[in-house]
Amino acid sequence: MRERVSIFEVIEDARIWLFFRPLHNLYGAYMREGDVAGIVINSQHPVSLQRFTAAHEYGHHILGHAASADDEERIYRRGGQSLNEVAAQSFAGEFLMPVQLVNYTLRTMGITGKRLSLGPRQVYQLALELGVSYGAAVTQLVAHGKLPVEAGQRLRKMSPLEIKTGLAGIRPENSWADVWLLDESQDGREIVARLRDEIHLLLRETPSTGYVWEPVDVAPEILELVDDRFDSADGDHDVVGADGLRHLFFRVVGPGAGRIKLERRRPWEAPGQAIGAFEATLDAMAALTGDDPEGVTSEQKQGVIDEFRTVAA
Ligand SMILES: [Zn+2]
């Protein structure tokens, strides 16, 4: 098992109605009416959270539970829960993060072993690769026995926003956005990003040789170049011949598939004289439907169920 689980496709293949609506403080809901079942997901959440909520609701379906309307407590918190909720939580964790997939993904990050000492940045990167939230990844690493319980508690105290800000040295413009850090070791990567995500390319460069990284193919309808700078290794930009990092900062501005291709070459030489290349492909997801800011409030649960009945009728 090497790829993230396509939970939305799994749900649709199971012929369960799947829809996205603004749900205020509700994460998602599951309903069943005779032969027809439906799952509603909060359209205002980031896709990593929506994936986990969807797996939780799908868990209610697979486990044969009756209708459930789930807030943060019921999706994420352990303890003090009904057995059905604990079961749906465990199902979601195992479904999106089975141990084989976690192990495989950790190996691609150069991490092996049984008991790991992972820092918050590594857990964040793992969560990105698996398409789940940071908190869900911490919980599952503890459940798989990869992390001691105390390490999980420590990691859970770190906010994802702090981690993301530390990664690239810049606070993401949108606090829900994910931050992707790519270096040469990740040449050939495929990224599944979403709108407003931030992508930082860090490529080694020695300007005194004349060879610099030049973007040769960057889909402008998908990616906007926000910043392009050279960070010298010793922090002193005046040292001739200093190695450093070319830092290109892109933001995802449109949905679609495209690529980021750069070549390392002397700008005055003809194309084809490059001594290096870097390429990543990008699949940027559109926002899921229903971006209406008006959430359903006190009657949200009943409203969602009524809507489901109308759709299912
Ligand atoms: Zn639930």
Side-chain angles (χ1 to χ4, degrees), residues 4-99 101-102 127 130-144 149 152 156 160 176 288-290 295-312:
R4 61 162 67 184
V5 178
S6 305
I7 180 64
F8 301 137
E9 285 172 28
V10 167
I11 289 171
E12 285 176 337
D13 288 350
R15 302 190 173 268
I16 300 167
W17 287 95
L18 176 64
F19 43 115
F20 296 85
R21 292 286 181 275
L23 298 176
H24 192 56
N25 63 329
L26 212 57
Y27 277 43
Y30 170 72
M31 291 143 284
R32 193 199 291 264
E33 284 274 309
D35 292 343
V36 188
I39 289 171
V40 194
I41 306 292
N42 192 328
S43 61
Q44 292 168 307
H45 284 170
V47 75
S48 52
L49 206 55
Q50 292 175 331
R51 282 169 46 82
F52 196 76
T53 304
H56 176 103
E57 304 305 344
Y58 182 60
H60 283 307
H61 178 75
I62 292 292
L63 298 166
H65 299 162
S68 175
D70 296 308
D71 55 11
E72 181 182 8
E73 182 85 15
R74 295 171 65 139
I75 300 275
Y76 273 124
R77 301 272 184 273
R78 303 257 159 176
Q81 294 277 13
S82 77
L83 279 178
N84 279 0
E85 288 312 320
V86 174
Q89 279 178 351
S90 305
F91 178 91
E94 289 297 323
F95 195 77
L96 294 182
M97 294 170 277
V99 71
L101 180 62
V102 170
L130 296 174
V132 298
S133 67
Y134 173 78
V138 171
T139 300
Q140 194 64 3
L141 284 165
V142 173
H144 283 322
V149 174
R156 235 175 251 119
W176 284 116
L288 295 161
T289 53
V296 192
T297 53
S298 56
E299 290 90 28
Q300 53 185 312
K301 185 174 169 182
Q302 193 53 48
V304 166
I305 290 169
D306 289 346
E307 180 167 9
F308 167 71
R309 290 207 171 110
T310 313
V311 174

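Each ligand, and each atom within it, is numbered from 1 in the order the structure gives.
With a 4.5 Å cut-off on side-chain heavy atoms, His56 and Tyr30 do not count as touching.
For His60 atom NE2 and Asp70 atom OD1, the angle they make at the Zn ion (ligand 1) is roughly 130°, to 10 degrees.
We find the NE2-CZ distance between His60 and Arg74 to be 6.5 Å, quoted to the nearest 0.5 Å. In this structure, Met31 CE and Trp17 CH2 are separated by 12.0 Å, a value rounded to the nearest 0.5 Å.
Under the 6.0 Å cut-off for aromatic ring centres, Phe52 and Phe95 do not qualify, their centroids lying 6.0 Å or more apart.
For a distance bound of 2.8 Å, the N, O or S atoms of His56 include one lying that close to the Zn ion (ligand 1).
The atom of Glu85 nearest to the Zn ion (ligand 1) is OE1, with the search restricted to N, O or S atoms.
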